[in-house]
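Only a predicted model underlies this, so the values are computations on that prediction, with no experimental measurement involved. Proteins get letters first, then strands, A, B, ... in listed order; numbering begins at 1 in each.
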Protein chains: 2
Amino acid sequence: MVAPSDVCSEKLFRPEEVERAREMVEQTPVDPLAELFKVLGDRTRTGILTAISSGELCVCDLAELFSVTPGAISHQLRLLKAHRLVKARREGKMVFYSLDDDHVAGLMSMGSDHVKEGR
Amino acid sequence: MVAPSDVCSEKLFRPEEVERAREMVEQTPVDPLAELFKVLGDRTRTGILTAISSGELCVCDLAELFSVTPGAISHQLRLLKAHRLVKARREGKMVFYSLDDDHVAGLMSMGSDHVKEGR
DNA sequence: GGTACATTTGAGCACATGTTCAAATGATGG
DNA sequence: CCATCATTTGAACATGTGCTCAAATGTACC
(Lines give C-alpha, C1' and ligand atoms only; values in the text may rest on other atoms or scores of the structure.)
Protein backbone atom coordinates (compact mmCIF):
# COMPACT_ATOMS: atom_id res chain seq x y z
CA MET A 1 0.00 0.00 0.00
CA VAL A 2 1.57 3.21 -1.19
CA ALA A 3 0.23 6.61 -2.04
CA PRO A 4 3.16 8.07 -3.94
CA SER A 5 1.58 11.36 -4.96
CA ASP A 6 5.01 12.89 -4.61
CA VAL A 7 7.39 10.50 -6.24
CA CYS A 8 9.10 13.22 -8.23
CA SER A 9 9.67 16.74 -7.14
CA GLU A 10 6.79 18.88 -8.28
CA LYS A 11 8.70 20.89 -10.83
CA LEU A 12 9.66 17.90 -12.92
CA PHE A 13 6.26 16.32 -12.84
CA ARG A 14 4.45 16.66 -16.16
CA PRO A 15 0.71 16.24 -15.65
CA GLU A 16 -0.36 16.42 -19.30
CA GLU A 17 1.72 13.51 -20.53
CA VAL A 18 0.85 11.40 -17.53
CA GLU A 19 -2.82 12.17 -17.98
CA ARG A 20 -2.71 11.19 -21.62
CA ALA A 21 -0.99 7.96 -20.67
CA ARG A 22 -3.53 7.32 -17.95
CA GLU A 23 -6.38 7.56 -20.44
CA MET A 24 -4.51 5.26 -22.77
CA VAL A 25 -4.18 2.73 -19.98
CA GLU A 26 -7.79 3.08 -18.93
CA GLN A 27 -9.20 2.38 -22.35
CA THR A 28 -7.02 -0.70 -22.74
CA PRO A 29 -7.90 -4.06 -21.16
CA VAL A 30 -4.56 -4.13 -19.40
CA ASP A 31 -5.39 -6.82 -16.86
CA PRO A 32 -7.01 -9.32 -19.24
CA LEU A 33 -4.15 -8.69 -21.64
CA ALA A 34 -1.59 -9.45 -18.96
CA GLU A 35 -3.57 -12.57 -18.05
CA LEU A 36 -3.50 -13.74 -21.64
CA PHE A 37 0.24 -13.25 -21.99
CA LYS A 38 0.80 -14.91 -18.64
CA VAL A 39 -0.95 -17.99 -19.97
CA LEU A 40 1.26 -17.94 -23.04
CA GLY A 41 4.34 -17.37 -20.89
CA ASP A 42 5.20 -20.92 -19.95
CA ARG A 43 7.36 -23.33 -21.88
CA THR A 44 4.99 -26.26 -21.49
CA ARG A 45 1.99 -24.26 -22.64
CA THR A 46 3.88 -22.62 -25.50
CA GLY A 47 5.09 -26.08 -26.42
CA ILE A 48 1.57 -27.48 -26.39
CA LEU A 49 0.31 -24.71 -28.66
CA THR A 50 3.20 -25.25 -31.03
CA ALA A 51 2.71 -29.00 -31.04
CA ILE A 52 -0.99 -28.89 -31.87
CA SER A 53 -0.55 -26.16 -34.47
CA SER A 54 0.08 -28.86 -37.01
CA GLY A 55 -2.86 -31.00 -35.95
CA GLU A 56 -4.74 -32.20 -32.91
CA LEU A 57 -3.12 -34.36 -30.26
CA CYS A 58 -4.45 -36.15 -27.21
CA VAL A 59 -3.37 -35.61 -23.63
CA CYS A 60 -1.11 -38.62 -23.42
CA ASP A 61 0.61 -37.72 -26.69
CA LEU A 62 1.45 -34.35 -25.22
CA ALA A 63 2.58 -35.87 -21.94
CA GLU A 64 4.91 -38.15 -23.87
CA LEU A 65 6.12 -35.28 -26.03
CA PHE A 66 7.09 -33.06 -23.11
CA SER A 67 8.11 -35.72 -20.62
CA VAL A 68 5.63 -34.72 -17.97
CA THR A 69 2.69 -36.51 -16.40
CA PRO A 70 -0.75 -36.47 -18.01
CA GLY A 71 -1.90 -34.61 -14.94
CA ALA A 72 0.43 -31.73 -15.64
CA ILE A 73 -0.71 -31.54 -19.26
CA SER A 74 -4.32 -31.64 -18.23
CA HIS A 75 -3.85 -28.80 -15.78
CA GLN A 76 -2.27 -26.67 -18.48
CA LEU A 77 -4.87 -27.55 -21.08
CA ARG A 78 -7.57 -26.48 -18.68
CA LEU A 79 -5.91 -23.08 -18.40
CA LEU A 80 -5.47 -22.78 -22.14
CA LYS A 81 -9.09 -23.71 -22.67
CA ALA A 82 -10.32 -21.21 -20.10
CA HIS A 83 -8.65 -18.53 -22.19
CA ARG A 84 -10.11 -19.89 -25.44
CA LEU A 85 -6.73 -20.83 -26.83
CA VAL A 86 -7.50 -24.50 -27.37
CA LYS A 87 -10.62 -26.57 -27.88
CA ALA A 88 -11.30 -30.18 -27.03
CA ARG A 89 -12.86 -33.01 -29.00
CA ARG A 90 -13.71 -36.28 -27.33
CA GLU A 91 -13.25 -39.57 -29.16
CA GLY A 92 -13.86 -42.59 -27.02
CA LYS A 93 -11.66 -42.51 -23.99
CA MET A 94 -9.33 -39.96 -25.45
CA VAL A 95 -9.64 -36.22 -25.76
CA PHE A 96 -8.01 -34.42 -28.66
CA TYR A 97 -6.97 -30.81 -28.39
CA SER A 98 -6.44 -28.29 -31.16
CA LEU A 99 -6.01 -24.53 -31.51
CA ASP A 100 -9.21 -22.63 -30.91
CA ASP A 101 -8.46 -19.25 -32.33
CA ASP A 102 -6.66 -17.67 -35.28
CA HIS A 103 -5.21 -15.05 -32.99
CA VAL A 104 -3.18 -17.69 -31.24
CA ALA A 105 -1.14 -18.63 -34.29
CA GLY A 106 -0.75 -14.96 -35.08
CA LEU A 107 0.56 -14.16 -31.63
CA MET A 108 2.97 -17.07 -31.69
CA SER A 109 4.19 -16.09 -35.13
CA MET A 110 4.67 -12.45 -34.22
CA GLY A 111 6.41 -13.43 -31.02
CA SER A 112 8.71 -15.73 -32.94
CA ASP A 113 9.62 -12.92 -35.28
CA HIS A 114 10.58 -10.76 -32.33
CA VAL A 115 12.78 -13.32 -30.62
CA LYS A 116 14.42 -14.33 -33.89
CA GLU A 117 15.12 -10.74 -34.80
CA GLY A 118 17.32 -10.45 -31.71
CA ARG A 119 19.64 -12.88 -33.52
CA MET B 1 12.60 -36.16 -13.21
CA VAL B 2 10.34 -38.50 -15.12
CA ALA B 3 10.83 -40.85 -18.00
CA PRO B 4 7.27 -41.51 -19.10
CA SER B 5 7.97 -43.62 -22.11
CA ASP B 6 4.80 -45.51 -21.37
CA VAL B 7 2.21 -42.90 -20.57
CA CYS B 8 -0.37 -44.42 -22.86
CA SER B 9 -0.85 -48.04 -23.65
CA GLU B 10 1.15 -48.93 -26.70
CA LYS B 11 -1.78 -49.61 -28.99
CA LEU B 12 -3.18 -46.09 -28.70
CA PHE B 13 0.14 -44.41 -29.12
CA ARG B 14 0.44 -42.77 -32.52
CA PRO B 15 4.11 -42.24 -33.35
CA GLU B 16 3.68 -40.41 -36.66
CA GLU B 17 1.60 -37.54 -35.34
CA VAL B 18 3.75 -37.18 -32.27
CA GLU B 19 6.88 -37.19 -34.40
CA ARG B 20 5.50 -34.51 -36.65
CA ALA B 21 4.61 -32.43 -33.62
CA ARG B 22 8.05 -32.98 -32.15
CA GLU B 23 9.70 -31.61 -35.27
CA MET B 24 7.34 -28.65 -35.18
CA VAL B 25 8.34 -27.98 -31.60
CA GLU B 26 12.03 -28.42 -32.34
CA GLN B 27 12.11 -25.89 -35.13
CA THR B 28 10.29 -23.31 -33.01
CA PRO B 29 12.06 -21.19 -30.39
CA VAL B 30 9.65 -22.40 -27.74
CA ASP B 31 11.66 -21.35 -24.72
CA PRO B 32 12.53 -17.82 -25.86
CA LEU B 33 8.92 -17.43 -26.96
CA ALA B 34 7.67 -18.44 -23.54
CA GLU B 35 10.17 -16.05 -21.99
CA LEU B 36 8.90 -13.20 -24.11
CA PHE B 37 5.28 -13.86 -23.23
CA LYS B 38 6.19 -14.23 -19.57
CA VAL B 39 7.66 -10.75 -19.68
CA LEU B 40 4.45 -9.45 -21.24
CA GLY B 41 2.36 -11.37 -18.73
CA ASP B 42 2.32 -8.93 -15.85
CA ARG B 43 -0.12 -6.11 -15.27
CA THR B 44 2.52 -3.58 -14.37
CA ARG B 45 4.61 -4.35 -17.41
CA THR B 46 1.63 -4.48 -19.75
CA GLY B 47 0.56 -1.19 -18.20
CA ILE B 48 3.96 0.37 -18.80
CA LEU B 49 3.96 -0.69 -22.44
CA THR B 50 0.47 0.67 -22.91
CA ALA B 51 1.34 3.93 -21.17
CA ILE B 52 4.41 4.65 -23.27
CA SER B 53 2.72 3.61 -26.49
CA SER B 54 1.48 7.17 -26.84
CA GLY B 55 4.83 8.73 -26.04
CA GLU B 56 7.84 8.40 -23.81
CA LEU B 57 7.61 8.72 -20.03
CA CYS B 58 10.19 8.83 -17.28
CA VAL B 59 10.49 6.39 -14.41
CA CYS B 60 8.84 8.61 -11.84
CA ASP B 61 5.90 9.34 -14.15
CA LEU B 62 5.31 5.63 -14.43
CA ALA B 63 5.66 5.13 -10.69
CA GLU B 64 3.07 7.81 -10.12
CA LEU B 65 0.81 6.34 -12.78
CA PHE B 66 0.76 2.86 -11.31
CA SER B 67 1.08 3.75 -7.63
CA VAL B 68 4.25 1.79 -7.06
CA THR B 69 7.74 2.82 -6.05
CA PRO B 70 10.29 3.98 -8.62
CA GLY B 71 12.29 0.93 -7.64
CA ALA B 72 9.54 -1.39 -8.77
CA ILE B 73 9.22 0.42 -12.11
CA SER B 74 12.95 0.36 -12.63
CA HIS B 75 13.09 -3.38 -12.01
CA GLN B 76 10.37 -3.95 -14.59
CA LEU B 77 11.91 -1.61 -17.13
CA ARG B 78 15.16 -3.46 -16.86
CA LEU B 79 13.37 -6.66 -17.73
CA LEU B 80 11.50 -5.06 -20.61
CA LYS B 81 14.75 -3.59 -21.91
CA ALA B 82 16.56 -6.91 -21.68
CA HIS B 83 13.94 -8.31 -24.03
CA ARG B 84 14.20 -5.33 -26.38
CA LEU B 85 10.69 -4.18 -25.69
CA VAL B 86 11.60 -0.69 -24.53
CA LYS B 87 14.52 1.65 -25.05
CA ALA B 88 15.86 4.37 -22.80
CA ARG B 89 16.87 7.95 -23.48
CA ARG B 90 18.65 9.96 -20.83
CA GLU B 91 17.91 13.65 -20.38
CA GLY B 92 19.63 15.18 -17.43
CA LYS B 93 18.73 13.35 -14.29
CA MET B 94 15.75 11.67 -15.83
CA VAL B 95 15.51 8.67 -18.10
CA PHE B 96 12.71 8.45 -20.63
CA TYR B 97 11.45 5.14 -21.88
CA SER B 98 9.63 4.37 -25.09
CA LEU B 99 8.67 1.30 -27.13
CA ASP B 100 11.63 -0.28 -28.85
CA ASP B 101 10.04 -2.49 -31.43
CA ASP B 102 7.11 -2.51 -33.80
CA HIS B 103 6.35 -6.07 -32.85
CA VAL B 104 5.42 -4.93 -29.37
CA ALA B 105 2.51 -2.78 -30.45
CA GLY B 106 1.45 -5.55 -32.80
CA LEU B 107 1.44 -8.15 -30.07
CA MET B 108 -0.47 -5.88 -27.70
CA SER B 109 -3.00 -5.09 -30.39
CA MET B 110 -3.50 -8.70 -31.40
CA GLY B 111 -3.79 -9.72 -27.77
CA SER B 112 -6.39 -7.03 -27.21
CA ASP B 113 -8.40 -8.33 -30.12
CA HIS B 114 -8.41 -11.77 -28.59
CA VAL B 115 -9.52 -10.72 -25.14
CA LYS B 116 -12.15 -8.35 -26.52
CA GLU B 117 -13.50 -11.04 -28.80
CA GLY B 118 -14.41 -13.07 -25.75
CA ARG B 119 -17.20 -10.54 -25.25
C1' DG C 1 33.89 19.32 -3.79
C1' DG C 2 29.18 19.06 -2.01
C1' DT C 3 24.19 18.95 -2.21
C1' DA C 4 19.91 17.55 -4.36
C1' DC C 5 17.28 14.66 -6.95
C1' DA C 6 16.23 10.66 -10.37
C1' DT C 7 17.34 6.22 -11.16
C1' DT C 8 19.42 1.76 -10.36
C1' DT C 9 20.68 -2.15 -7.69
C1' DG C 10 20.46 -5.66 -3.94
C1' DA C 11 18.33 -8.07 -0.09
C1' DG C 12 14.38 -9.87 1.87
C1' DC C 13 9.71 -11.42 1.94
C1' DA C 14 4.89 -12.56 0.87
C1' DC C 15 2.52 -14.74 -2.61
C1' DA C 16 1.76 -17.11 -7.09
C1' DT C 17 2.75 -21.04 -10.03
C1' DG C 18 4.00 -25.66 -12.16
C1' DT C 19 4.86 -30.02 -11.03
C1' DT C 20 3.95 -34.70 -8.96
C1' DC C 21 1.21 -38.18 -6.74
C1' DA C 22 -3.07 -40.14 -5.66
C1' DA C 23 -7.89 -40.40 -5.90
C1' DA C 24 -12.06 -39.50 -8.69
C1' DT C 25 -14.58 -39.38 -13.03
C1' DG C 26 -15.83 -40.93 -17.78
C1' DA C 27 -16.04 -44.20 -21.39
C1' DT C 28 -15.46 -48.79 -23.56
C1' DG C 29 -16.01 -53.67 -23.78
C1' DG C 30 -16.26 -58.11 -21.69
C1' DC D 1 -21.68 -55.04 -13.21
C1' DC D 2 -16.78 -55.15 -13.42
C1' DA D 3 -12.25 -54.24 -15.30
C1' DT D 4 -9.43 -51.20 -17.86
C1' DC D 5 -7.57 -47.24 -19.61
C1' DA D 6 -7.56 -41.97 -20.55
C1' DT D 7 -8.44 -37.93 -18.45
C1' DT D 8 -9.53 -34.81 -14.77
C1' DT D 9 -9.26 -33.00 -10.21
C1' DG D 10 -7.29 -31.92 -5.55
C1' DA D 11 -3.60 -31.57 -2.18
C1' DA D 12 1.05 -30.71 -1.26
C1' DC D 13 5.43 -28.86 -2.21
C1' DA D 14 9.50 -26.67 -4.25
C1' DT D 15 10.54 -22.76 -7.05
C1' DG D 16 9.66 -18.20 -9.14
C1' DT D 17 8.22 -13.62 -9.03
C1' DG D 18 7.04 -8.74 -7.87
C1' DC D 19 7.00 -5.73 -4.43
C1' DT D 20 9.22 -2.62 -0.71
C1' DC D 21 12.94 -0.63 1.65
C1' DA D 22 17.54 0.95 1.87
C1' DA D 23 21.89 1.78 -0.05
C1' DA D 24 24.56 2.88 -4.23
C1' DT D 25 25.19 5.24 -8.62
C1' DG D 26 24.74 9.05 -11.88
C1' DT D 27 23.90 13.82 -13.21
C1' DA D 28 23.34 18.73 -12.65
C1' DC D 29 24.08 22.90 -10.44
C1' DC D 30 26.00 25.84 -6.73
Side-chain angles (χ1 to χ4, degrees), chain A residues 1-4 6-14 18 30-31 34-35 37-48 56-83 86-97, chain B residues 1-4 6-14 18 30-31 34-35 37-48 56-83 86-97:
Chain A
M1 236 64 87
V2 191
D6 53 318
V7 181
C8 319
S9 68
E10 254 173 277
K11 282 198 147 51
L12 297 169
F13 185 61
R14 293 142 328 129
V18 176
V30 174
D31 282 23
E35 281 305 304
F37 287 130
K38 190 177 296 186
V39 171
L40 295 173
D42 173 79
R43 41 177 331 208
T44 302
R45 292 191 291 268
T46 306
I48 290 173
E56 62 180 17
L57 290 176
C58 72
V59 175
C60 71
D61 285 342
L62 290 165
E64 158 80 20
L65 191 45
F66 297 111
S67 302
V68 294
T69 63
I73 295 291
S74 189
H75 282 304
Q76 306 297 20
L77 284 169
R78 183 229 278 266
L79 236 189
L80 291 169
K81 197 167 153 196
H83 288 265
V86 305
K87 61 185 177 219
R89 179 180 72 84
R90 177 138 224 156
E91 184 176 325
K93 284 180 267 195
M94 300 199 284
V95 179
F96 289 90
Y97 284 88
Chain B
M1 239 62 87
V2 191
D6 51 321
V7 181
C8 320
S9 69
E10 255 174 275
K11 283 197 148 49
L12 298 167
F13 186 60
R14 292 139 331 124
V18 176
V30 175
D31 282 22
E35 280 305 303
F37 287 130
K38 189 177 297 187
V39 172
L40 294 173
D42 172 80
R43 42 178 329 205
T44 302
R45 291 190 292 268
T46 307
I48 290 173
E56 62 180 16
L57 290 175
C58 71
V59 174
C60 72
D61 286 342
L62 290 165
E64 158 80 20
L65 190 48
F66 296 111
S67 302
V68 293
T69 63
I73 296 292
S74 188
H75 281 304
Q76 305 298 20
L77 284 169
R78 183 231 277 264
L79 236 188
L80 290 169
K81 196 166 154 197
H83 288 264
V86 305
K87 61 184 177 221
R89 178 180 73 83
R90 178 138 224 156
E91 184 177 325
K93 283 180 266 194
M94 301 199 285
V95 180
F96 290 90
Y97 283 88

Check your understanding: So which one's nearest nucleotide on DNA chain D is more toward 5', R90(B) or G71(A)?
Key -> G71(A)
Check your understanding: Would you say a side-chain N or O of Y97(B) is under 4.0 Å from OP1 or OP2 of dA6(C)?
Key -> no
Review point. Rounding to a whole Å, what distance do you find between I73(A):CD1 and dC21(C):P?
Key: 14 Å
Check your understanding: dT7(C) P sits how many Å from K81(B) NZ, rounded?
Key -> 13 Å
Exercise for review: Using atom CZ of R89(B) as one end and atom P of dA6(C) as the other, report the distance to the nearest whole Å.
Suggested key: 16 Å
**Study point:** Euclidean distance, F66(B) CZ relative to Q76(B) CD, rounded to 0.5 Å
**Key:** 10.5 Å
Review point. Which distance, rounded to the nearest 0.5 Å, do you find between the OG1 of T44(A) and the NE2 of H75(A)?
Key: 12.5 Å
Review point. Does the R90(A) side chain pair with the main chain of G92(A), one donor and one acceptor, at a distance under 3.5 Å?
Key: yes
Review point. Under 4.0 Å between a side-chain N/O of K38(A) and OP1 or OP2 of dT17(D), yes or no?
Key: no
Check your understanding: Can you tell me how far C1' of dA27(C) sits from CE of M94(A), to the nearest Å?
Key -> 12 Å
**Study point:** Side-chain N or O of Q76(B) closer than 4.0 Å to phosphate OP1/OP2 of dC19(D)
**Key:** yes
**Study point:** side-chain N/O T69(A) vs dC21(C) OP1/OP2, d < 4.0 Å
**Key:** no
Check your understanding: What's the CG-P distance between L62(A) and dT7(D), to the nearest Å?
Key -> 9 Å
Practice item. Would you mind reading off the distance between K93(A) atom NZ and dG26(C) atom P, rounded to a whole angstrom? Key: 16 Å
**Study point:** Nucleotide nearest V68(B) (side chain, heavy atoms from C-beta), chosen from dC5(C), dT20(D), dT8(C)
**Key:** dT20(D)
Point to revise | Any donor-acceptor pair under 3.5 Å from R45(B) side chain to K38(B) backbone | key: yes
Practice item. Could you check how far CD of E56(A) sits from P of dT7(D), rounded to whole Å? Key: 12 Å
Exercise for review: Looking at every strand, decide which applies to R43(A) at a 4.0 Å heavy-atom threshold: base, sugar-phosphate, or nothing.
Suggested key: nothing
Exercise for review: Starting at atom NE2 of H75(B), determine the distance to atom P of dC21(D), rounded to an integer number of angstrom.
Suggested key: 12 Å
